[in-house]
Amino acid sequence: MAKIFIDGEHGTTGLQIRTRLAARRDVELLSIPEAERRNAAMREDLLNSADIAILCLPDDASREAIGMLSGNNHVRVIDTSTAYRVDPAWAYGFAEMDKAQAAKIRDARFVANPGCYPTGAIGLIRPLRASGIIPDGYPVTVNAVSGYTGGGKQMIAQMEDASREDAITANHFLYGLNLKHKHVPEMTVHGMLDRAPVFSPSVGRFPQGMIVQVPLFLEDLKNGFTRESVHKALVAHYSGQDVVEVVGLEEMKSISRIDAEELAGQDTMKLFVFGSTGGDHVNLVAVLDNLGKGASGAAVQNMDIMLSA
Ligand SMILES: NC(=O)C1=CN([C@@H]2O[C@H](COP(=O)(O)OP(=O)(O)OC[C@H]3O[C@@H](n4cnc5c(N)ncnc54)[C@H](OP(=O)(O)O)[C@@H]3O)[C@@H](O)[C@H]2O)C=CC1
Ligand SMILES: CC(=O)N[C@@H](CCC(=O)OP(=O)(O)O)C(=O)O
């Protein structure tokens with residue numbers, strides 16, 4: 001039975017991974033008491049006792065955990081932080097982004113779990129870059145709204161406890177206003193973009209869920225591409241798996257609103273190509289749970305792929 005240690009198991013992402021693994025009989029969970037969660041000696045011991053360590057920590061603490069494994073050559077790692085997502089020594093843990101990616105994850109020792117927003121953005125952009133439909137130099141924009149659990153324990157407290165000095169009272173707010181959000185490098189590299197996208201994130205007063213939008217001008221894509229052919233390319237890319245669904249054009253006709261919470265509690269992602277037949281523009285839309293396919297669900301999926309080796 002594989003031994004799994006979730007470093008950060010009492011935080012938002014860690015807790016959701018623990019819940020997903022609690023009923024499983026094929027893995028043994030190594031656990032640290034909540035009061036000892038920052039006890040470095042205990043963490044080091046547990047990290048080195050695991051077959052797979054899942055790091056659910058801030059970036060600095062993730063790097064520290066990797067340091068604790070420096071004398072060890074067998075513990076495999078899934079890191080949910082931003083620390084290693086563009087590090088070429090790490091496999092990027094988005095199995096559906098490329099036909100070869102699941103095998104890379106399966107065989108890797110170090111897997112960087114994708115960010116929540118990049119999962120939506122890369123899911124929409126990469127297939128269209130890989131096939132040349134989005135040409136070099138195209139100015140991509142990514143606009144998104146996340147549930148507030150995306151900000152971890154601190155933002156959850158700020159959104160839920162109005163008596164705090166730092167309580168957030170807004171129902172929906174934009175942030176990342178300097179356009180230097182930590183997810184931009186990851187979207188650029190794994191989205192195969194030659195220009196960094198303009199990324200504008202926001203948070204809404206709901207705990208879990210996410211919408212990521214990438215609008216495109218059809219006349220600036222590879223010649224002759226229409227809403228129908230862009231949709232067909234995404235359908236072809238995502239054939240043969242059941243985690244990422246490209247919603248059918250027929251079904252989209254009856255949709256007049258998109259609910260950011262539609263996939264809350266689920267580990268799948270839905271992609272849409274909105275617009276009209278013969279129109280000049282399309283709006284690519286991804287819907288996911290920031291803590292599902294955007295974090296904890298993806299980490300468990302990656303763990304399963306690694307255990308299938
Ligand atoms: N929330 C989300 O939707 C997503 C989160 N992620 C990533 O997952 C990681 C964890 O985020 P999240 O779960 O939201 O954050 P939380 O703040 O909810 O949880 C982090 C946990 O790590 C613990 N921790 C912090 N520093 C240390 C340390 N030095 N040593 C040991 N434990 C430590 C915290 O303990 P304490 O309570 O003492 O602070 C807390 O239990 C982050 O890197 C984040 O970017 C990725 C995708 C989505
Ligand atoms: C709403 C919110 O604050 N979201 C976080 C992103 C989610 C997260 O922390 O996860 P990553 O590891 O994927 O960065 C942020 O914008 O920093």
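Counting begins at 1 with the first residue of the sequence. We count ligands from 1, going down the list as the structure has it; atoms in each ligand are counted the same way.
Counting only heavy atoms of the protein, atom 1 (N) of ligand 1 lies nearest to Thr149 O, 3.0 Å. Atom 48 (C) of ligand 1 has Ala295 CB, 3.4 Å as its closest protein atom, hydrogens excluded (heavy atom only). Residue, atom and distance of the protein heavy atom nearest to atom 36 (P) of ligand 1 are Arg37 NE, 3.3 Å. The protein non-hydrogen atom at the shortest distance from atom 7 (C) of ligand 1 is Thr80 O, 3.3 Å. Looking only at heavy atoms of the protein, atom 2 (C) of ligand 1 is closest to Leu291 CD2, 3.6 Å. The shortest contact between atom 14 (O) of ligand 1 and any protein heavy atom is with Gly152 CA, 3.2 Å. The shortest contact between atom 18 (O) of ligand 1 and any protein heavy atom is with Thr12 OG1, 2.6 Å. Remark: minimum distance from atom 28 (C) of ligand 1 to any protein heavy atom is reached at Ala61 CB, 3.7 Å.
When heavy-atom distances to ligand 2 are checked against 4.0 Å, the residues falling inside are Thr80, Thr82, Arg85, Gly115, Cys116, Tyr117, Ser146, Gly150, Gly151, Met155, Tyr175, His181, Lys182, His183, Val203, ordered by chain and number.
When all heavy atoms of Ala108 and Arg76 are compared, the pair lying nearest together is O-NH2, 2.8 Å. Between Arg25 and Met1, the shortest heavy-atom distance links the atoms O-SD, 3.0 Å.
Among Met210, Arg85, Arg38, Lys153, the residue whose heavy atom lies nearest to atom 39 (O) of ligand 1 is Arg38. Here the shortest heavy-atom distance to atom 20 (C) of ligand 1, taken over Cys56, Ser296, Ala299, Cys116, belongs to Cys56. Counting only non-hydrogen atoms, the option in Ala35, Gly115, Gly294 that gets closest to atom 47 (C) of ligand 1 is Gly294. Evaluated by nearest non-hydrogen atom to atom 40 (C) of ligand 1, the leading choice among Gly11, Ala83, Ser146, Gly151 is Gly11. Distances from atom 33 (C) of ligand 1 to the heavy atoms of Ile156, Leu57, Ile17, Asp60 put Leu57 nearest.
With ligand atoms numbered from 1 in the order given, ligand 1 contributes 45 (O) to contacts under 4.0 Å with heavy atoms of Lys182. Distances below 4.0 Å separate heavy atoms of Ser81 from the following atoms of ligand 1: 43 (O).
Looking at Ile125 and Met187, their side chains never come closer than 4.5 Å, going by heavy atoms from C-beta outward.
The N/O atoms of Thr13, backbone and side chain alike, include one that comes under 3.5 Å of an N/O atom in ligand 1.
Interatomic distance, CG of Leu193 versus CG of Leu128, reported as 10.5 Å (0.5 Å rounding).
Salt-bridge annotation for Arg85 and Asp79: absent, with no side-chain N of the basic residue lying under 4.0 Å from a carboxylate O of the acidic one. A salt bridge links Asp98 to Arg126: at least one charged side-chain nitrogen sits closer than 4.0 Å to a carboxylate oxygen. Under a 4.0 Å N-O distance rule, the pair Arg63/Asp60 qualifies as a salt bridge.
Hydrophobic clustering places Val230 together with Tyr138 (ILVMFWY residues linked when any side-chain heavy atoms are closer than 4.5 Å, directly or through intermediates).
Residues that satisfy the ring pair (Phe, Tyr, Trp, His ring centres under 6.0 Å) test with His190, not counting sequence neighbours, are Tyr92. Remark: Tyr117 engages His181, His183, Phe199 in a ring pair (Phe, Tyr, Trp, His ring centres under 6.0 Å) (not counting sequence neighbours).
At least one heavy atom of Arg43 sits under 4.0 Å from some atom of ligand 1.
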side-chain contact (heavy atoms from CB on, under 4.5 Å) assessment of Ile4 paired with Leu30 = CA-CA 6 Å; Ile4 311 295; Leu30 307 180; over 6 Å; no
Pair up each side-chain donor or acceptor in residues 294-309 with any protein partner under 3.5 Å, not counting sequence neighbours, and list the distances.
unit_1: Ser296; atom_1: OG; unit_2: Thr13; atom_2: O; d: 3.0
unit_1: Gln301; atom_1: OE1; unit_2: Lys293; atom_2: NZ; d: 2.8
unit_1: Gln301; atom_1: NE2; unit_2: Glu96; atom_2: OE2; d: 2.6
unit_1: Asn302; atom_1: ND2; unit_2: Gly93; atom_2: O; d: 3.0
unit_1: Asn302; atom_1: ND2; unit_2: Asn113; atom_2: OD1; d: 2.8
unit_1: Asn302; atom_1: ND2; unit_2: Ala298; atom_2: O; d: 3.2
unit_1: Asp304; atom_1: OD1; unit_2: Arg24; atom_2: NH1; d: 3.2
unit_1: Asp304; atom_1: OD1; unit_2: Arg24; atom_2: NH2; d: 2.7
unit_1: Asp304; atom_1: OD2; unit_2: Arg24; atom_2: NH1; d: 3.2
unit_1: Ser308; atom_1: OG; unit_2: Ile305; atom_2: O; d: 2.5

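Under 3.5 Å, the side chains of Gln208 and Gln16 contain a donor-acceptor pair of N or O atoms.
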